[in-house]
Every structure is written in structure tokens, then in C-alpha cells.
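Chain letters run A, B, ... following the sequence lines, proteins first and then strands; every chain starts at 1. All values derive from a computational prediction rather than experimental measurement.
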2 protein chains.
Amino acid sequence: MSVDQTAKRDIPDATVARLPGYLRALGQMTSQGVLSVSSEELAHSAGVTSAKLRKDLSHLGSYGVRGVGYDVAHLNYQISRALGLTHDWPVIIVGMGNLGRALASYGGFATKGFKVVALLDRDPLVVGERLDDLAIQPMDALDALVRPGEACIGVIATPAGSAQEVADLLVAAGVSSILNFAATAIQVPEGVHMRKVDLSTELQILAFHEQQRFGASPEDFLEGAAR
Amino acid sequence: MSVDQTAKRDIPDATVARLPGYLRALGQMTSQGVLSVSSEELAHSAGVTSAKLRKDLSHLGSYGVRGVGYDVAHLNYQISRALGLTHDWPVIIVGMGNLGRALASYGGFATKGFKVVALLDRDPLVVGERLDDLAIQPMDALDALVRPGEACIGVIATPAGSAQEVADLLVAAGVSSILNFAATAIQVPEGVHMRKVDLSTELQILAFHEQQRFGASPEDFLEGAAR
DNA sequence: ATTTGTGAACGGCTTCACAGCT
DNA sequence: AGCTGTGAAGCCGTTCACAAAT
């Protein structure tokens, strides 16, 4: 009890954000029968530099062997543990439109660590419908789904107009982590962790870089019109 | 011609990544009839601090009025211009499964700045099918779609197993920006801009924070098993 | 001989606090 | 009086380069 088996707490955010990428690369190596890997190889496969990879891993502990590399299975386990994936987290998806259905049947959940426990929708017309082995439930089923003191992740896949309302309901039910796919910014109280995935944001960032590459387009010369 | 109308080049990456958020907040204000906004209000609505917002905007130019705030319409225009959204960028979506269809009909493209010009799929069974007002085309239509010297954004919405192959085809056709929704890391040559959106990565990052909040779970005590 | 783990230097982003402008 | 724009300071993350380990 007094022995701290885990490495130093406080893994930098930037490192946490890259760990899933390492995990995926290790998974591919496992399925290829690779038993050991160097930081150089793993880094290339994950799309980062080897120095960055080694620095990242150093925050979890010392799991490599100098002169040799990393044991694929052991490193996979250690990263999983650091991320908290040694057991499944329950996930609730709200909004069963095109996007919600795509998410529900997405391979992403097949990855060890998550289990979709409920699909919710406001529309009585789709409630009751079956997707895979889950029935779509109405919104008021939410309170019974989230047990106090037990973690739960909510995924918002509704139209933008309903996103804030759904977020409020999730928070009220006790969900403390939210992944928002709706095309709008939502406000959550302090203490609730929120991440956003947004197509148009990503496209706009790409557009910026395309613009820099290809130079300004003709239309851009009507600058000053709004003066 | 010798007059540089645009502000200093080189907007920091971190700033570029936030500009879409400001744009969205400004759009909401426009639709609410708000004409002027302070950095404090806009920052809150976008979920950042006012100092960060002002610093970000300072990289585009000086578009506010001291003692007053920002003109919503003008700031909206200036950010759009900085991001290169004064004209529409053509987008090609590859992979017409659940996810591809969701993306094709997603509101994200409705945002000024993008136009889906083609839907592609490898499967002959879905080729020819109509979605909205576009017919799904076979993969070999790609070369005719991308004009040399003209920018084009490719979206990969295929299963993980096909993602690298599709990326190679897109690059070969001349696409220089790729948004990857497939659950795998893909390699692209230097000079091609690639961004990744991945459900399981986002969930795993949330899981890490949930774990920190709720503490270690019982299973975590079998540490050392892999020694 | 080879590859990890890490202090140290570096660079970029955020925060602070206030000068500058309306 | 009020709010923006921005140097300066501080913080965080990345890169470098090498000591440590096998």
C-alpha cells in the first residue's frame, strides 16, 4: 500500500495525446508477430521522432532495454495501464442520426478499453430500433444508466442545435467526460472533461495551409471592402 | 502590387487551430444580430481566455477598436480571409460506408469554404448510387478530378486496411491536403499536409483523465505480471 | 556496439500587466 | 473610463547530445 508501483504522476498532456498512437503502432506489430522494437522503428511507425518517443515513454517509467529496444507486449501493457485501459470504460452515444450510427458501428470501440453501453435519441420514431445488439432508448433513460461514483463517457452526435442541451443532461446525470462531435462549441462546468471533434475545424486548418502553398486566390483582392 | 495588404505572414500553428472556433462563435453572434463584441465576450463564447484571443487576433492585424471591441462582420471577414475561406475549396470524399455517408451529409460542409465535388468508393455495388446530388464514382475517376496546380482536399473515410492505399492514390493524383478518419496512421510524402481525426484516440485521452479523477481500478494491481 | 534514458539548450506558446488609443 | 494591442516574463514542449546500461 505504501509502495508506489506506478511511475511519477503527471504525464504531460502532449505525451498523453500521443500515447494512443504508440498503442496503435504496437498493436500492428503484435499482429505481425514482432516481439521487440527500437525507438527508431516505433517512432517512424507512429509518425514522430525517436527522441520524442523516448522522452514520452520516460514519463511512464523505464520499460526499455539499452542496446536492445522495447518488448512489444510489455510496452503495450504499460501504455495501456498508463492510459487507464486495463478495464473497459462505459460509453453512451447520444444522437442516432447518420453520424451516431457510424460511430456506434465504428471499429474504434473494438479497440480494447471501451464498451458502448447505451444508444440514446430524442426522436420517438427511432427509439426502440435495434443497432447491433443494443436498442435505442429515449433520453430519460439517462439517469438510470449512469451510476454515481462510476466513470462514464458521453458522446454527443446530435445536430448542433441540441448539443448544449444534451451536454447539460449528461452532466446532470453524472457523466464527467464528454466527446462532442456536434458542430458547435458547448460549455461544461469546471471539472467535466470535454473534447471536441469537428470536421469543419479540421478542413479550415487544412485550407489555411493549402492557401499558403498555392498563394492567394484572385478573389482576395477585394480586401478593404469592409472598411 | 508592391503594397502588402495582408498582415505579417507566419501565423502560429496554435493560433490557426483556434481561428475556426472564433469564426463559429462570430457566426452565432451574427445570426443573433449582435454587431459588436468585446474580446472578453468572444473569448468566453469560444472557450479561451481573452488574453489568448487578443494575442491570436494580433497576428492577423489590428481589427479591433480600443475602448469598444470588434465589429462582428468585419472580424468574421478578416478571419475567413486569413484562413483562405474567401472562396470554396473542393473536397473529395473516399469511402462511402457509414462514416463517409455521414460526412457527405454533414453540416460541416455547409459552412462557407468547402464544396464536396466527388464521392468515391472501391465497391462496384455502391458506385453509381446517388447521395444528395452527387453520384458515387469508382476510384479511377480520381485522376480526372484533380486539376494540376489547383488545390484539393481529400477525405479518407475507408476502413483502416485501405487507408494507406487510398492515401497513395490521392497523393499520386495531386491532392496535397488529406484528412484521415480511418483508424490507422498513414504515411504521406513530405509536402503533403495530413491531419487525423480518430475516435479511439479521443476516447483514450478522455479515459486517461477519467482514471486520474476516479483513481486506479482494482485490476491495476496485477502490475508486474509481464516482468 | 548499440540503443535507451535524460540533463541541458532551445524555441514556441501562454500569461501578465500596462501602454496606447478611442 | 474602457478595451485593445503588445512587450516582457514565465511555462511547457521539443530537440540535442551524451552518459549509462547491456
Side-chain angles (χ1 to χ4, degrees), chain A residues 6-22 25-26 29 34-76 78-79 82 205 208-209 227, chain B residues 6-22 25-26 29 34-76 78-79 82 205 208-209 227:
Chain A
T6 60
K8 5 177 181 20
R9 271 304 110 190
D10 71 283
I11 301 173
D13 284 346
T15 294
V16 171
R18 282 187 294 267
L19 292 180
Y22 304 152
L26 288 169
M29 287 168 182
V34 177
L35 297 179
S36 178
V37 70
S38 70
S39 65
E40 197 69 52
E41 294 167 314
L42 182 54
H44 175 79
S45 169
V48 299
T49 65
S50 61
K52 199 182 266 183
L53 170 71
R54 290 200 303 277
K55 181 67 93 179
D56 281 342
L57 295 184
S58 77
H59 290 113
L60 313 192
S62 228
Y63 300 122
V65 180
R66 293 171 198 233
V68 178
Y70 301 88
D71 179 85
V72 170
H74 187 216
L75 186 58
N76 189 86
Q78 290 298 346
I79 295 179
I205 295 170
F208 173 81
H209 293 290
R227 279 292 288 269
Chain B
T6 60
K8 6 178 181 23
R9 268 309 107 186
D10 70 283
I11 301 173
D13 283 346
T15 295
V16 171
R18 282 186 294 266
L19 291 180
Y22 304 154
L26 287 169
M29 288 168 180
V34 177
L35 297 178
S36 178
V37 70
S38 70
S39 65
E40 196 70 52
E41 294 167 314
L42 182 55
H44 176 77
S45 170
V48 300
T49 64
S50 61
K52 199 183 266 184
L53 170 70
R54 290 200 303 277
K55 181 65 95 179
D56 282 342
L57 296 185
S58 76
H59 290 113
L60 313 191
S62 227
Y63 300 123
V65 180
R66 292 171 198 235
V68 178
Y70 301 88
D71 179 84
V72 171
H74 186 217
L75 185 58
N76 190 87
Q78 291 297 346
I79 296 179
I205 295 171
F208 172 80
H209 293 289
R227 279 294 285 271

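Atom NE2 of A/His59 is separated from atom P of C/dG7 by 10 Å (rounded to the nearest Å). For the pair A/Leu75 CG and C/dT3 C1', the computed distance is 15 Å after rounding to whole Å. B/Ile11 places its CD1 atom 15 Å from the C1' atom of C/dC13, with the value rounded to the nearest Å. One can place CG of B/Leu53 at 9 Å from P of D/dG5, the figure rounded to the nearest angstrom. Distance, B/Asp71 CG to D/dT4 P: 13 Å, rounded to whole Å. Across the protein-nucleic acid pair, B/Leu57 atom CG and C/dT14 atom C1' stand 15 Å apart, rounded to whole Å. Remark: C1' of D/dT4 and CG of B/Leu60 are 14 Å apart, rounded to the nearest angstrom. A straight line from CG of A/Asp13 to C1' of D/dC11 spans 13 Å, rounded to a whole angstrom.
Under the 3.5 Å distance criterion, with hydrogens and angles disregarded, no donor-acceptor pair is assigned to the side chains of B/Glu40 and B/His44.
At least one side-chain nitrogen or oxygen of A/Tyr70 sits closer than 4.0 Å to the OP1 or OP2 atom of C/dG5.
Taken from CG in B/Leu19 to CG in B/Leu57, the straight-line distance is 7.5 Å, to the nearest 0.5 Å. The line from CZ of B/Phe208 to CD1 of A/Ile11 is 4.5 Å long, rounded to the nearest 0.5 Å. Between the CG atom in B/Leu26 and the CD1 atom in B/Ile79 there is a gap of 5.0 Å [rounded to 0.5 Å]. With values rounded to the nearest 0.5 angstrom, A/Asn76 atom CG is found 11.0 Å from A/Met29 atom CE.
For the pair B/Val48 and B/Tyr22, the minimum side-chain heavy-atom distance is below 4.5 Å.
Using a 4.0 Å cutoff on non-hydrogen atoms, the parts of residues 34-47 of chain B near DNA chain D are B/Ser38, B/Ser39, ordered by number. Listed in residue order, the members of residues 14-22 of chain B having a heavy atom less than 4.0 Å from DNA chain C are B/Ala14, B/Arg18.
Contact between A/Ala25 and A/Ser45 at its shortest, heavy atoms only, is CB-OG, 3.4 Å. Considering every non-hydrogen atom in both B/Pro20 and A/Ile205, the closest pair reads CG-CG1, 4.3 Å.
Pairs passing the salt bridge (Lys or Arg N to Asp or Glu O under 4.0 Å) check and including a residue from residues 46-60 of chain B, sequence neighbours excluded, read B/Arg18-B/Asp56.
Take A/Ser38 and apply the side chain to side chain donor-acceptor pair (under 3.5 Å) test, not counting sequence neighbours, and it matches A/Glu41. Taking the side chain to side chain contact (heavy atoms under 4.5 Å, CB included) definition, one finds that B/Val65 meets it with B/Val68, sequence neighbours left out.
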A correct 5'-to-3' footprint of nucleotides 15-22 of chain D, with B, S and - meaning base, sugar-phosphate only and no protein heavy atom under 4.0 Å, is B-B-BBBS

